[in-house]
Number of protein chains: 2
Amino acid sequence: MARVAVIDLGSNSFRLVVFTAQDDWWKRTDEIYEAVRIGEGLGATGELGEPGMARAQATMEVFAHFCAASGLTADEIDAVATSAIRDASNSPEFLERAQEASGLRVRVLSTEEEARYGYLAAVNSTTLGDGVMLDIGGGSMQLVHVVGRHARELDSWPLGAVRVSELFLPGDGPTKPKQVRELVGYVKGNLERAPWLERSGARLVGIGGTVRNLAAAAQRDLDVPEAGVQGYIITRKELDRLVEELAKRSPGERAKFPGIKPSRGDIILGGAIVVQTVMEVGGFESLEVTEAGLREGVFFERYLGEPPRFDDVRRASVINLAAQYGMDPEHSPHTAHVARLALGLFDELAAAGLHPGDASERELLWAASLLHDIGMTVDYDDHHKHSRYLILNAGLPGFDQRELALIGQAVRYHRKGMPSLGPFAGLAMDGDAERLDRMATLLRLAEDLERSRDQLVRAAHVAVADGTVRLDLQSDGDDRVPRWAAGREVELFARAFGRELSV
Amino acid sequence: MARVAVIDLGSNSFRLVVFTAQDDWWKRTDEIYEAVRIGEGLGATGELGEPGMARAQATMEVFAHFCAASGLTADEIDAVATSAIRDASNSPEFLERAQEASGLRVRVLSTEEEARYGYLAAVNSTTLGDGVMLDIGGGSMQLVHVVGRHARELDSWPLGAVRVSELFLPGDGPTKPKQVRELVGYVKGNLERAPWLERSGARLVGIGGTVRNLAAAAQRDLDVPEAGVQGYIITRKELDRLVEELAKRSPGERAKFPGIKPSRGDIILGGAIVVQTVMEVGGFESLEVTEAGLREGVFFERYLGEPPRFDDVRRASVINLAAQYGMDPEHSPHTAHVARLALGLFDELAAAGLHPGDASERELLWAASLLHDIGMTVDYDDHHKHSRYLILNAGLPGFDQRELALIGQAVRYHRKGMPSLGPFAGLAMDGDAERLDRMATLLRLAEDLERSRDQLVRAAHVAVADGTVRLDLQSDGDDRVPRWAAGREVELFARAFGRELSV
């Protein structure tokens, strides 16, 4: 088991996150947070103020205690500082004090290093191949031009949400159109330096608390159960509407806006306008949100080595989650065989012309097959529901929210019940109800055939004749029970594929 | 790690359950089920019929494959048969066939052994000290008179739900009052043999599918989120109403009655009337439901050794669940210290006269303290909600549903938000909102003080003066951060204890 504690000394808050990696899974296993606001007053004086430094020093001491209590060694701790500490003229003094008090040594990241960690977070938690990574913090904003999953341009501007709000949107009242125009102009002026932005492709991936909060606010309009904002897509229209609504309100009212964290009331609008302007200048129609960020970037660099990129983010996410519950193909022959049977049936039924055989549907079916049993860790009873809960709440970076919901619902119906999109209908595209029917049916059939858990039914083949689909089983013994079990899915099969099933 | 596969060859279904025990936790980790209905036709002929035996044999083969695939050895498999196989004249022939096909040897339980396993399930999954255990299956019903947690009388009658339904409630229509009267008379006649029933005390604990289904049906009237029926209390009035409603309906309609499993439509009424009559004869006002049963009884006997009883069921349940997530006091010094701090504050505030200091509230606070972080296994974000989900869905045998909800809500509010009974208000007693406020406040304060996770704040003491509660900390270092953190709970503290807090 390897562990890394990444300590992120941000302008707004300090956060310590522990990542644990074991064999073939990794996850964030612990966290501690203090709203230190070390950047307070920095804009006016160019220096870290004494009250902020005192809070920061005490927090570093607590983090050191926390690391010691968790048995983390110096090698396993990586403390990094960004904008506020990078820019303040007296930060060497602070860093010395903090190190003396806590024993923790801090790396002050260059703007390029900070941008690179954001890039690593984005390409390892989304399927971004070509496009732009946007990371907006309290002090600075980074943009990275990504081509073929590589970082081609990395840049950083002092356009963080706290900084632009202090500069352009002071006061306690609603914002004046003139203030907004001035901020937009300022951002555009800054972006002149990045001519590549306008021809960087169609995809924009967003990182940071501002982006996550905007997604949470946009999500409220969708009547679906919420489980984080990973994979949420904010359209430009949604963002325009949010900016308009926020600008009408005072900072105090913004703090109460649904989805916005109270502590962000005074900085959300400034951040939103920066994001909006980047979208306008770059011609982006939407912003894909990822929950990963700087801290994950630091972790990925250590965990993945060279090259610091997962081969296939979606595949890595599914295997990672399955492996956390011992259900990855390597550790669970049952899971591996259910996936094999389900995909085999999918392919043969497609070849027989009974469904489109769409590759992305096939991938979702594969994911559902691998994850169908992880909920057994909660309780055997209702484990189909527990599996869905774990999938939705842990998330699968690389999949969008609609895809996550389809995986979750297929898993939910892998034992019984008539499949339905249920509370996730609001995320669905045309044909998703039919997709879900097919996925749940094939997963359930595969599970029926694997009832003995020992691959007794080695393979199942499809033969279509006279409007009936016959399932031919190749078994290593008495397969009456799997046959009965599969035979019970006749009704479901007819609904999903419009044919009679015989086993 | 020790494992036991208990195979239960019941009259209605065969079920294989795998229990896993590791260090200081145990849980049901796997299960497979077939609706074999081996008892079909037994009433008429006294013999197991050929179709049922063929299904049973094939199922035993699948179970054997399942055990082999799971790496279970013969020593780790315990197959037990009850009523149908015990009573059929041709069961030796069946058992030989089954053993030949599957290699699995079956123990046919005597009525007394069967009753004893039900008793072990009841005393290890509820706080039953003195009273009666009722276990109703498809073929037989067992009653055990429990005195001082020991089984004083064990008896069994051929009053299973399938058997009495076949005998007294045949046909497809609603039931006639005369049929009900005859069944009640028959049950009463049988119960003459148990004169101890009438003076066995006030508590009745129920086991088996009939009881669980009746609880699920009764639970529907409560508008609270459902998470199993463990600890649900069915009043006699509720049961009377259910019997009345079910009797009006045909078996087909009963199968669609909310809470009743479709496959039980034809036998639920017969079973309900048997339970009702036991309650009438014994003078019981309510029936406490436990989800444990014969299979758990077999497991507990192996797991616990002699005496086959947990010292304290509630304590064992909490430690068991915490230990599954590495959060029991032995493995998590943090959890242990949070519990110590929270209970210390609870006691000192009670001594200062600021709350009643109720012992059962103290126990719930202890449970919440031990379980507050188990949800971190799902995801760090929202782990307070995940902890509640795991608690509600895994259940805590020995606690009733109201107590479980209070533990869950205290855990839910251990980080932020204003505590509320939320969706569980329907279970609450007078004063529960105040209890929850106190529990959540103390848990949150303890968590604040343990922010560094290394017991930096060794102890916290309470001093009351001039209407203000002062918290004095004993710390092994700089405790500014825990003090700030605890200081943020002023508002919550005032609500819970009606006093100003200063740290």
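Here is how names work: the chains are called A, B, and so on, in the same order as the sequence lines, proteins then strands, and each is numbered from 1.
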*Reported CG-to-CZ distance for the pair Leu456(B) and Phe66(A), which is rounded to 0.5 angstrom*: 13.0 Å
*asked:* Please check if the number of heavy atoms outside Glu100(B) that lie under 6.0 Å from its CD is greater than 12.
replied: no
*Heavy-atom distance under 4.5 Å to chain B: side chain of Ala58(A), backbone, both or neither?*
both
*Qualifying residue, where the test is side chain to side chain contact (heavy atoms under 4.5 Å, CB included) with Asn393(A) and the options are Lys385(B), His386(B), His383(B)*: His386(B)
*asked:* Quick one, His65(B) and Asp478(A) - any side-chain contact, counting heavy atoms below 4.5 Å?
replied: no
*Would you give the length of the straight line joining atom CZ of Arg28(A) to atom CG of Asp379(B), rounded to the nearest 0.5 angstrom?*
5.0 Å
*asked:* Just so I understand: if I count every heavy-atom pair under 4.5 Å between each of Asp382(B), Thr59(B), Val17(B), Asp30(B) and chain A, which residue has the most?
replied: Asp30(B)
_Under 4.5 Å from any heavy atom of chain A - which part of Asp479(B)_ = neither
*Kindly give the heavy-atom pair with the smallest separation between Val378(A) and Tyr325(B), and that separation in Å.*
CA-OH, 4.2 Å
*Do side-chain atoms of Tyr380(A) reach the backbone of Glu31(B) as a donor and acceptor pair under 3.5 angstrom?*
yes
*Non-hydrogen atoms of chain B under 4.5 Å away: do they reach the side chain of Phe63(A), the backbone, both or neither?*
neither
*Which region of Ala101(A), side chain (C-beta onward) or backbone (N, CA, C, O), has a non-hydrogen atom less than 4.5 Å from a non-hydrogen atom of chain B, or is it both or neither?*
neither
*By a 4.5 Å heavy-atom criterion (distance strictly below it), what part of Arg415(A) contacts chain B: side chain, backbone, both, or neither?*
neither
*asked:* Between His334(B), Arg55(B), Gln324(B), Gln455(B), who has the most heavy-atom pairs with chain A when the cutoff is under 4.5 Å?
replied: Arg55(B)
*Locate the shortest heavy-atom distance separating Val62(A) from Val481(B); write the atom from each residue and the value.*
CG2-CB, 3.3 Å
*By a 4.5 Å heavy-atom criterion (distance strictly below it), what part of Glu291(A) contacts chain B: side chain, backbone, both, or neither?*
side chain
*Heavy-atom distances under 4.5 Å only: say whether Arg451(B) touches chain A with side chain, backbone, both or neither.*
both
*Under a 4.5 Å cut-off applied to non-hydrogen side-chain atoms, are Ile32(A) and Arg453(B) in contact?*
no
*Tell me, side chain or backbone of Thr29(B) under 4.5 Å from chain A's heavy atoms, or both, or neither?*
backbone
_Contacting region of Ala64(B) [heavy-atom separation from chain A under 4.5 Å]_ = neither
*What are the two closest non-hydrogen atoms of Ala69(B) and Ser452(A), and how far apart are they?*
CB-O, 4.0 Å
*Can you establish whether the number of heavy atoms outside Glu491(A) located under 6.0 Å from its atom CD is more than 12?*
no
